K.L.:
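I'd like to ask you about the structure that follows.
This is a predicted model, so every value here is computed, not measured. Atoms considered below: every heavy atom in the structure, side chains included; atoms not considered: hydrogens, waters and symmetry mates.
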Amino acid sequence: MMLLDLSPYAFKIGPIAVHWYGIFMAISFLVGTYYLYVKGKSRGIDEDFILNLAMLVILSGIIGARLMFVLTNYPEWFIKDPLQVVKIWEGGLSWHGALLGGFLSGWWYCRRNNVNPNEMADLTVMGLSFGYIIVRIGNIFNQEVLGRMTEFSFGRWPAQLVGSSIGLILLIRFLYLEKKNLKKGYQFWSFIWYHQLLRAVFEETVRDNPLYLVHYVNPRWGIGFLTMTQLMTPFILLFAYFMYKITSED
């Protein structure tokens with residue numbers, strides 16, 4: 001979806017411009033942190049630990065998301081334009097980089113404080129699902145994550161809304177499974193598994209991304225493969241399954 005007359009700015013105060021993308025991301029952080037805090041406290045987990053964990057994961061996630069995006073799209077920025085690397089308010093964040101950065105720091109912090117990392121990871125699924133829904137909406141305002149053109153009357157695929165729909169499905173699934181007695185870690189690792197699968201099959205197929213190895217595009221239907229995300233999907237699925245098997249407990 002590409003709306004040319006849509007401004008990426010929610011408002012401006014002098015030289016300071018506040019982007020819709022940033023507002024949506026901040027909301028997702030607040031929702032995820034609130035859920036983690038409330039649920040964590042109800043399970044007897046120290047509130048200072050929860051808040052410190054949330055801040056660490058958010059900061060590490062942002063850093064990981066930006067570094068991964070720049071590394072895979074504009075690696076020359078590190079040398080030619082380092083300032084551009086930190087301009088996260090203009091968009092350009094990698095989902096996988098955010099997960100990796102947040103996961104590594106959160107897992108380490110939980111282990112250091114003798115808290116089961118799988119239990120805390122399960123509680124992040126609310127924020128991850130909700131965040132994927134509204135940040136993809138933010139992508140519309142930034143005119144990024146565009147779908148491929150088709151020969152149908154609607155023109156371009158609304159890839160951002162396809163992504164938001166995936167987040168909504170996973171959020172509903174999370175809330176349904178929350179009522180069941182599941183092994184610690186199942187919610188988080190199954191979220192990673194299903195998100196990656198749905199994204200590869202649906203969102204990436206209609207998203208206008210570069211293709212690798214197999215270069216197939218159907219101009220009528222506006223679909224194509226294989227994108228880098230699709231190529232990496234089997235490995236991520238195996239990793240999520242493997243991690244659940246070796247870390248889960250009754």
K.L.:
First locate atom CH2 of Trp77, then atom CG of Leu83, and finally report the distance between them rounded to the nearest 0.5 Å.
P.N.:
10.5 Å

K.L.:
At what distance, to the nearest 0.5 angstrom, does CZ of Phe191 lie from CG of Asp122?
P.N.:
12.0 Å

K.L.:
Looking at the rings of His19 and Phe141, which for Trp means the six-membered one, are their centres under 6.0 Å apart?
P.N.:
no

K.L.:
Just checking, is any N or O donor in the side chain of Tyr37 or Glu47 under 3.5 Å from an acceptor N or O on the other one?
P.N.:
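Indeed, the side chains of Tyr37 and Glu47 share at least one donor-acceptor pair under 3.5 Å.
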
K.L.:
Would Tyr212 end up clustered with Ile223 when hydrophobic side chains under 4.5 Å apart are linked, directly or stepwise?
P.N.:
yes

K.L.:
I'd like to know if the side chain of Asn113 and the backbone of Val115 have a donor-acceptor N/O pair within less than 3.5 Å.
P.N.:
no

K.L.:
Is the number of heavy atoms from other residues, nucleotides or ligands within 6.0 Å of OH (Tyr194) greater than 12?
P.N.:
no

K.L.:
Does any donor atom in the side chain of Thr205 or Gln230 lie under 3.5 Å from an acceptor atom in the other side chain?
P.N.:
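Yes, side-chain donor-acceptor contact under 3.5 Å.
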
K.L.:
Any luck finding a side-chain donor-acceptor pair between Asn139 and Gln160 under 3.5 Å?
P.N.:
no

K.L.:
Report yes if some heavy atom in the side chain of His96 is under 4.5 Å from a heavy atom in the side chain of Thr229; otherwise report no.
P.N.:
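In contact.
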
K.L.:
Is any side-chain heavy atom of Asn73 closer than 4.5 Å to a side-chain heavy atom of Phe69?
P.N.:
yes

K.L.:
Pick out which of Lys179, Lys180, Arg173 makes a side-chain contact (heavy atoms from CB on, under 4.5 Å) with Tyr176.
P.N.:
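Single pass found, and it is Lys180.
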
K.L.:
For Asp208 and Trp157, does a side-chain donor sit closer than 3.5 Å to a side-chain acceptor?
P.N.:
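Not at all, the side chains of Asp208 and Trp157 share no donor-acceptor pair under 3.5 Å.
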
K.L.:
Has Lys12 got its NZ or CZ under 6.0 Å from the middle of the six-membered ring of Tyr9, at an angle within 45 degrees of the ring axis?
P.N.:
yes

K.L.:
Is the Trp221 to Phe152 ring centre distance short of 6.0 Å?
P.N.:
yes

K.L.:
Taking the six-membered ring for Trp, are Phe174 and Tyr35 ring centroids under 6.0 Å apart?
P.N.:
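Centroid distance Phe174-Tyr35: below 6.0 Å, so yes.
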
K.L.:
Kindly check if the number of other-residue, nucleotide or ligand heavy atoms within 6.0 Å of CZ (Phe78) is above 12?
P.N.:
yes

K.L.:
Which value, rounded to the nearest 0.5 Å, describes the distance between Leu170 atom CG and Ile192 atom CD1?
P.N.:
9.5 Å

K.L.:
When clusters are formed by joining ILVMFWY residues with side-chain heavy atoms under 4.5 Å apart, either directly or through shared neighbours, do Leu238 and Trp189 land in the same one?
P.N.:
no

K.L.:
Begin from the C-alpha positions of Lys80 and Glu76 and carry the test salt bridge (Lys or Arg N to Asp or Glu O under 4.0 Å) through to its verdict.
P.N.:
CA-CA 6 Å; Lys80 297 180 179 179; Glu76 67 276 7; over 6 Å; no

K.L.:
Determine whether Leu226 and His215 make a side-chain contact, defined as any pair of heavy atoms from C-beta on separated by less than 4.5 Å.
P.N.:
no

